[in-house]
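Every number for a ligand or one of its atoms is a count from 1 in the order of the listing.
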Amino acid sequence: MNTMRQKMVAGNWKQNGDQALVKTMQDGLSKLAFNGVEVVVCPPFPYLGAFEAKGFKLGAQNLSLHDSGAHTGEVSGSMLKEVGCQYVIVGHSERRADNSEDNDVVAQKVQQALAAGLTPVLCFGESEQVRDSGQLFDFIQSQLEPVIALIGVARLAETVLAYEPIWAIGTGRTATPEQAQEVHQFVRSYIAEKDASVAANLTILYGGSVKADNAELLFAQPDIDGGLIGGASLKLDDFVAICQAAE
Ligand code: 13P
């Protein structure tokens, strides 16, 4: 089953990087080819237009809820598409926390991304508190359900999912391959109850302290199709090693 799915490694720069990093990544990645792996770079908005995505794809980290109009500071899906994006991260836990994006807003942003012809990378994942409370799977389901309710299960085929346990993000406390696989498997079977073929073909990434030295074991899990990488996506060599681990 695993081979049917698109493998992917996406680098989420968050609010990091500069023009020098754009050049390093542009020059470094465009020289390489990653067999069967979709490599995606998601820099901050101002740098999107500076990339010439050759050998890799571009993604944004957020998009507006609105098509256009009086929404100061917002960037629409169609603008992202116009400057060369194919992907957009939606629902990252940092945006849920910093910008009060709830599950309904996240669902609407997924819909906006699809309407603009972008592939949303839908992030979900629990806090340590939720995990400790024993409500893990109910919580994960409650994050995904509003999206499925809004766009329908068939359109999940046009998305990528990313499981990012909050306690593993930027902490160096990577989920073990078994912990990650358990959630990925849950998500895939939850979706399979609604549409088995969508579930079988859906790319589900893991994110949270993925590094060059732990990527291979994570990506070897049957329901983990690649990674969403924060800190390690800011160093060319580390990012390349993670992309190679997905090959
Ligand atoms: P780190 O890889 O820095 O833990 O960040 C993960 C993440 O949030 C990617 O979106």
field: Within reach of ligand 1, part of Asn12 (heavy-atom separation under 4.0 Å)
entry: side chain

message: Closer than 4.0 Å to some heavy atom of Glu164 - which atoms of ligand 1 meet that?
response: 6 (C), 7 (C), 8 (O), 9 (C), 10 (O)

- prompt: What atoms of ligand 1 come closer than 4.0 angstrom to any heavy atom of Gly208?
  reply: 4 (O), 6 (C)

field: Residue of the set His184, Gln181, Glu126, Gln179 for which side-chain hydrogen bond (donor to acceptor under 3.5 Å, both in side chains) holds with Tyr163
entry: Glu126

- request: Return yes when Lys211 approaches ligand 1 closer than 4.0 angstrom through a heavy atom, no otherwise.
  value: no

query: Tell me: protein heavy atom nearest atom 5 (O) of ligand 1, and distance?
result: Lys14 NZ, 3.2 Å

- line: atom 4 (O) of ligand 1: of Gly11, Gly230, Gly170, Ala232, the nearest heavy atom sits on Gly170

- request: May I ask you to list the atoms of ligand 1 that are less than 4.0 angstrom from any heavy atom of Leu228?
  value: 9 (C), 10 (O)

task: Measure the distance from atom 3 (O) of ligand 1 to every protein heavy atom, then report the residue, atom name and distance (to 0.1 Å) of the closest one.
output: Gly231 N, 2.8 Å

query: Which one holds for Ala168 and ligand 1: side chain close, backbone close, both close, or neither close, with close meaning a heavy atom under 4.0 Å?
result: backbone

query: Just wondering, more than 12 heavy atoms not from Glu247 lying within 6.0 Å of its CD?
result: yes

task: Please state whether the rings of Phe56 and Phe51 are parallel, tilted or perpendicular, taking 30° and 60° as the class boundaries.
output: perpendicular

- request: State whether the shortest distance between N or O atoms of Glu94 and N or O atoms of ligand 1 falls below 3.5 angstrom.
  value: no

